[in-house]
Enquirer: 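Structure incoming, see below.
These figures come from a predicted structure and were not determined experimentally. Residue numbers start from 1 in every chain, and the chains themselves are labelled A, B, ... in the order their sequence lines are given, proteins ahead of strands.
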Protein chains: 2
Amino acid sequence: MSDVARLAGVSAQTVSRVSNGFAGVTEETRRQVLDAMRELDYRPNSAARALRRGEFRTLGVITFSLSTLGNIRTLDAIATSAARAGYAVTLLPVAVPTQDEVNGAFSRLGELAVDAVIVIMETHLLDAATVSLPPGIPVVVADSDAGDRYTVVDTDQAGGARDAVRHLLDLGHTTVWHLAGPEDSFAAQRRANAWRDTLTEAGLVPPPPVRGDWSAESGYRAGLLLAERPDCTAVFAANDQMALGLLRALHERGRTVPDEVSVVGFDDIPESGSFLPPLTTIHQDFAEVGRLCVEGVLTSMRRPTPEPGTTLVPTRLVSRRSTAPPPGH
Amino acid sequence: MSDVARLAGVSAQTVSRVSNGFAGVTEETRRQVLDAMRELDYRPNSAARALRRGEFRTLGVITFSLSTLGNIRTLDAIATSAARAGYAVTLLPVAVPTQDEVNGAFSRLGELAVDAVIVIMETHLLDAATVSLPPGIPVVVADSDAGDRYTVVDTDQAGGARDAVRHLLDLGHTTVWHLAGPEDSFAAQRRANAWRDTLTEAGLVPPPPVRGDWSAESGYRAGLLLAERPDCTAVFAANDQMALGLLRALHERGRTVPDEVSVVGFDDIPESGSFLPPLTTIHQDFAEVGRLCVEGVLTSMRRPTPEPGTTLVPTRLVSRRSTAPPPGH
DNA sequence: ACAGGTCATGTTTACGTAAACATTCCTCGG
DNA sequence: CCGAGGAATGTTTACGTAAACATGACCTGT
């Protein structure tokens, strides 16, 4: 900086002012400084800047090994929104979802150069963490539950599940089976609960849910079971991957979709329109979730005490060809 | 730090030594300092640390909006490897692959707190960038071509494509069609070239390639064309998503897989084992690519002039049920 | 017993920046 | 024609850390 100042014939402070776009610098001076910067290929040192300003202009994102597609798209939206706001994004990967790993990530975070943290993770691990998040830095939790301790941004899982079940009931199915996600997933729980509640409200008795682990393979195994039940004409799968496996199992067992069995998924992954048959599913707006996460932490940084609360992002039913009225309807 | 020093009854420098795990501190003193740290909930200021040390312990990753699955898994591996080496990873998203956006990301990078950069991007955009990467900081390019200017880590695209084609020829097919990726993708080019070369080497005349854009939808459209050709009994798709669309098109047109047509994909995405039928494909080791990228930049940081070179990560053919000998063989 | 050495710890300084305060110079009203 | 006020710029200082150098205690061998 002093080199630039010398070349431009001004003080270092003036260079700083130009560098930060302050008013009160003559156009003439500004130009000279900018020329000198270009000449010397000057780049502000972000470490010194951060030290002086007390902020890093960086957001930390804690996430499991970029496992599920939803998390990835949320992360992508976070990175894009953050960049737009002039913030960088630092990844804090948690290799395996064990308590030790989470504790490790949190303690690393302690000395990491971040102004705020966005957590994309199942919160039961958050709760059980022995190392807590550094106090005083804003936290927003995405796609999970966080009680009333943190601000939460989430897809309206319950609304989406309700739409899926309603869609099937409206087609005339007498009940809807559920291919649920893993028990330790909060999203899976909420989808399952909404499925159960919607059936109950309609005066129906929910059949026992079949459980998978989000993978297509687990959906296939579950599908082999469901294919054995002639009374099963409609299935709501908790995500599109499991729905894919389910479609394969039904096909192998000779149960045609949608003529004999209707299937609805959740997520609307890009491939779901190319399944056999194209999958009716619940579209999630991950981009909006990510945007709101960034907005959330940035707001928290400005205001002193932001009230913890939950923001829900609505879903949308995408109707394709895997759903139809039940046989003989 | 001085507070900790005071509480522990030592100098700030001793605190620094303990904090950095230096030898030459009495066990007794170390314990007292650690106690004081805990007591005061001390966390080293990473900005000051970076300023003093002249390094950030951070890697920048330039990537397109986390578009393709391969990029994502590479990123994941990079983040994990970096964390293991004590480095954080900062994301530099490029929202849309235009020259302006790339230039913008590069100039942002100039004042970003990173010690090295890993680029996961098509290099024709790199080449055409008007803003260049800051000189002097190590760069490794993943999954792309970079001439001889940068170190490159890549999957052995050619080897994988060759294996795919050989597998089909060995089964007895008289030729192999190719569902290619977009022309501006270097990976797509290499896969297409290797396909062509392998056929030529076998004394065959390559049929005209059909081009898609990596998406399942484009694979579907291409598949409708291929389904019309009775002489088409074997297709090598440049990625699994397009193979998925292809399978749907063939199924809709009544051409059974693998009895009438064999299909091989590329990538081995987790879902490919659940396609109808399960897809024979080329497995890529993204984790290894990511690991080597990190290893590469870290090495460059230590040595003065690392020679640019290309490291290829081998692929592996995963044989499932979408391939069989041609009809009447 | 003392020179020479080693080890644990303390003191000084600089990293590059931006806030706070200081100075200079110019303009404008009375 | 002078002094008040303000705009442009300069000077000083502190942010938290770690390298470099300095100090002092203690040990060893002759």
Enquirer: Let me spell it out: for each of B:S46 and A:T29, pick the nucleotide of DNA chain D with the closest heavy atom. Which residue's pick is nearer the 5' end?
Expert: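 Going by which nucleotide is closer to the 5' end, it is A:T29.
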
Enquirer: On DNA chain D, nearest-nucleotide positions of B:Q13 versus B:L51: which is more 5'?
Expert: B:L51

Enquirer: Might you work through the side chain to side chain donor-acceptor pair (under 3.5 Å) test for B:R49 and B:S19, ending with a clear yes or no?
Expert: CA-CA 11 Å; B:R49 196 170 255 198; B:S19 171; 2.8 Å; yes

Enquirer: How is A:S2 classified with respect to the nucleic acid when contacts are heavy atoms under 4.0 Å: base, sugar-phosphate, or nothing?
Expert: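 If one applies the 4.0 Å heavy-atom cut-off, A:S2 turns out to touch nothing in the nucleic acid.
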
Enquirer: For A:A12 and for B:S11, locate the closest nucleotide of DNA chain C by heavy-atom distance; then report the residue assigned to the nucleotide nearer the 5' terminus.
Expert: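 Upstream on the strand: B:S11.
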
Enquirer: Could you walk me through whether A:Y87 and A:D115 satisfy the side-chain contact (heavy atoms from CB on, under 4.5 Å) test, starting with their C-alpha distance in whole Å, then the side-chain angles of each, then the deciding distance to 0.1 Å, before giving a yes or no?
Expert: CA-CA 10 Å; A:Y87 277 74; A:D115 301 311; 3.8 Å; yes

Enquirer: Note the angle between the end axes of the helix from C:dA1-D:dT30 to C:dG30-D:dC1, five pairs defining each, rounded to 10 degrees.
Expert: 40°

Enquirer: Quick one: are B:D35 and B:E39 in side-chain contact, heavy atoms under 4.5 Å?
Expert: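 Heavy-atom side-chain distance check fails, nothing below 4.5 Å.
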
Enquirer: Could you list where the contact with chain A starts and ends along DNA chain D, reading 5' to 3', using a 4.0 Å heavy-atom cut-off?
Expert: D:dA8 to D:dG16

Enquirer: Could you give the distance from CG (B:L112) to CZ (A:R57), rounded to the nearest 0.5 Å?
Expert: 12.5 Å

Enquirer: When you check the gap from the basic side-chain N to the acidic O, do A:R73 and A:D76 get nearer than 4.0 Å?
Expert: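 Looking at A:D76 together with A:R73, the answer is no, because their closest N to O distance does not fall below 4.0 Å.
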
Enquirer: Return the CG to CG distance between A:D156 and A:D285, rounded to the nearest 0.5 Å.
Expert: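 That separation rounds to 12.0 Å.
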
Enquirer: Any donor-acceptor pair under 3.5 Å linking the side-chain atoms of B:T29 with those of B:R17?
Expert: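 Short answer, no.
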
Enquirer: Between OG1 of B:T155 and CD of B:E288, what distance do you get to the nearest 0.5 Å?
Expert: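 So the OG1 of B:T155 and the CD of B:E288 are separated by 10.0 Å.
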
Enquirer: Using a heavy-atom cut-off of under 4.0 Å over every strand shown, decide if A:S16 touches base, sugar-phosphate, or nothing.
Expert: base

